[in-house]
J.: 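There's a structure below that I have some questions on.
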Number of protein chains: 2
Amino acid sequence: MRYRGRMPDDAAKPITSVWTRPHRPQREQLSREQIVAAAIELLDAEGVEALSMRKLGTRLGAGATSLYRHVANRDELIQLAVDDVYGELKLPAAAGRGKWRAAVARTATELRAMVLRHPWIAPELGQVGLVHVGPNAVRMSTGLLAQFEAAGFPTGEKDQAAGTLMAYVIGIATAEAAYLSLIARSGKTEREWVADLDPDSGKAGHPEQIREKDFRYGLDRVLDGLAARL
Amino acid sequence: MRYRGRMPDDAAKPITSVWTRPHRPQREQLSREQIVAAAIELLDAEGVEALSMRKLGTRLGAGATSLYRHVANRDELIQLAVDDVYGELKLPAAAGRGKWRAAVARTATELRAMVLRHPWIAPELGQVGLVHVGPNAVRMSTGLLAQFEAAGFPTGEKDQAAGTLMAYVIGIATAEAAYLSLIARSGKTEREWVADLDPDSGKAGHPEQIREKDFRYGLDRVLDGLAARL
DNA sequence: CCTTGTTGCGCACACTGTACGCACGGAAGA
DNA sequence: TCTTCCGTGCGTACAGTGTGCGCAACAAGG
């Protein structure tokens with residue numbers, strides 16, 4: 001093996017020696033799906049402001065700027081992550097007659113659960129809008145519209161009805177997500193937090209059940225108001 | 001006047017000459033209110049990510065780090081700005097009997113208008129929660145609760161009712177704000193945007209009127225659902 | 001073997017938030 | 001009037017950030 005390190009020629013490129021050369025055993029292929037998946041993992045674990053291209057790159061065993069071959073920039077990456085999360089939703093089939101209400105309620109519950117699973121998504125929805133244009137978001141949006149159409153809402157009104165429901169669900173889920181993030185940053189669990197804040201509030205039940213009940217209350221009121229239009 | 005610039009001692013501090021010395025004609029006093037006001041101005045004009053301490057400092061004729069004497073950090077500054085904006089709300093007095101619905105609707109309209117005036121606030125509400133703890137936010141929160149109490153909701157339920165209304169209003173205003181920010185970034189007006197996207201949609205009226213109608217529709221549905229509980 | 005396109009990555013730039021400590025101006029005390 | 005002290009503005013510095021640019025290594029195809 002040639003001892004190139006001592007060759008006089010090497011003075012021209014003094015930085016890299018043959019031995020310290022990266023060597024690059026095999027070039028692992030990066031893909032957009034892989035990047036988005038890792039980004040969601042990191043977002044779930046540490047929140048939106050902890051997502052940096054460098055950190056994500058090293059987590060994927062790659063350099064920071066390599067990601068830019070597959071993703072235009074950080075904002076686009078987050079948009080992709082948002083739409084990917086929308087893909088988790090399982091929508092019930094549209095059903096008319098007495099069944100529409102259960103289907104819509106199920107969709108709303110799914111949506112709330114999605115936001116609570118990925119709390120970082122809430123501020124993002126406020127920046128990009130509920131009319132998110134990714135394929136998964138569109139799928140969910142048209143699915144909800146179909147449910148309202150099957151319920152019997154006239155063509156002009158079903159958009160308004162769906163918008164009303166979406167606004168309520170996103171609004172309350174956003175509030176819950178922010179509240180939970182605040183607690184998470186304090187390092188306590190939700191029950192400890194509530195107990196420390198108001199010691200004799202344990203009588204009303206576990207806080208997560210209370211939140212769920214409050215969500216259900218508002219959902220029923222919104223559905224009552226909508227049902228009265230039929 | 002002593003000619004300190006020529007003193008041999010001055011070799012120790014070679015950088016500043018007496019003539020280039022800042023001279024600092026008078027020390028303008030910075031105040032927290034002033035800083036928050038300028039921050040809101042900048043946020044309204046350029047959005048949340050354009051707010052940097054350096055930019056804000058120079059806009060106030062001060063150095064970037066001077067702000068830290070009055071404000072703990074950037075996040076706290078934004079929280080202060082949020083609460084300051086809450087202070088713009090004019091709440092109607094709580095009214096019972098047939099009047100509660102108009103009062104609540106007026107509060108909701110004020111809240112939506114506030115978000116539309118300051119679109120940057122929407123993602124912030126998603127991060128800090130609707131249960132914002134600033135004095136102005138608390139004032140508005142208790143005011144709304146009083147309206148529901150005057151309406152005749154029992155003690156346990158008025159919180160849920162107020163939460164439902166808040167969730168709907170914040171949700172839809174957030175969506176609108178995001179949509180308007182998106183348009184604003186494109187440089188067009190809302191009407192141009194809508195016309196370019198769907199040329200024959202002019203028949204339905206001006207887009208801002210449509211948005212207002214949609215907001216009113218959902219608000220009426222929510223209020224219907226709540227009124228049915230009385 | 002050579003060419004050609006694709007992709008990872010090192011470097012560099014402009015910019016961020018903010019800790020630290022100095023220096024100045026006014027107020028308070030001697 | 002002189003000294004001391006404290007509040008506050010600011011310069012400097014550091015560790016980050018997103019991302020444009022160009023090179024280098026590979027895969028495929030001729």
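By convention in this document, chain letters (A, B, ...) are assigned in the order of the sequence lines, proteins followed by strands, and residues within each chain are numbered from 1. Bear in mind the structure is a predicted one, so any value in this text is a computation, not a measurement.
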J.: For A:A64 and for A:R69, find the nucleotide of DNA chain D with the closest heavy atom, then tell me which residue's nucleotide is more 5'.
T.: A:A64

J.: Tell me the interatomic distance from A:L30, atom CG, to C:dT7, atom P, rounded to whole angstroms.
T.: 10 Å

J.: Checking B:T174 side chain against B:I170 main chain: does a donor-acceptor pair fall under 3.5 Å?
T.: yes

J.: Which nucleotide sits closest to the side chain of B:T65: D:dG11, D:dG20, C:dG8?
T.: D:dG11

J.: Can you pull out the residues from residues 50-62 of chain B that lie within a 4.0 Å heavy-atom distance of DNA chain C?
T.: B:L51, B:S52, B:M53, B:R54

J.: Taking atom types as they are modelled, is there a donor-acceptor pair under 3.5 Å from the base of C:dG17 to the side chain of B:R74?
T.: no

J.: Okay, side chain of A:K158, backbone of A:A146: is any donor-acceptor separation there less than 3.5 Å?
T.: no

J.: List the steps, then state whether salt bridge (charged side-chain N to carboxylate O under 4.0 Å, His left out) holds for A:R117 with A:E110.
T.: CA-CA 10 Å; A:R117 269 197 306 275; A:E110 283 270 338; 5.3 Å; no

J.: Without decimals, in angstroms, what is the distance between B:Y68 OH and D:dC10 C1'?
T.: 14 Å

J.: When you measure from the side-chain N and O atoms of A:H70 to the phosphate of C:dT6, is any distance below 4.0 Å, counting only OP1 and OP2?
T.: no

J.: Report the distance from atom CG of A:L67 to atom C1' of C:dG8, rounded to the nearest whole Å.
T.: 10 Å

J.: Which value, rounded to the nearest 0.5 Å, describes the distance between B:M140 atom CE and B:K90 atom NZ?
T.: 15.0 Å

J.: Taking NZ in B:K213 as the centre, count heavy atoms belonging to other residues, nucleotides or ligands within less than 6.0 Å. Is the count above 12?
T.: no

J.: Measure the distance from CG on A:L77 to P on D:dG18 and round it to the nearest whole Å.
T.: 10 Å

J.: More than 12 heavy atoms of other residues, nucleotides or ligands under 6.0 Å from CD of A:E190: is that the case?
T.: yes

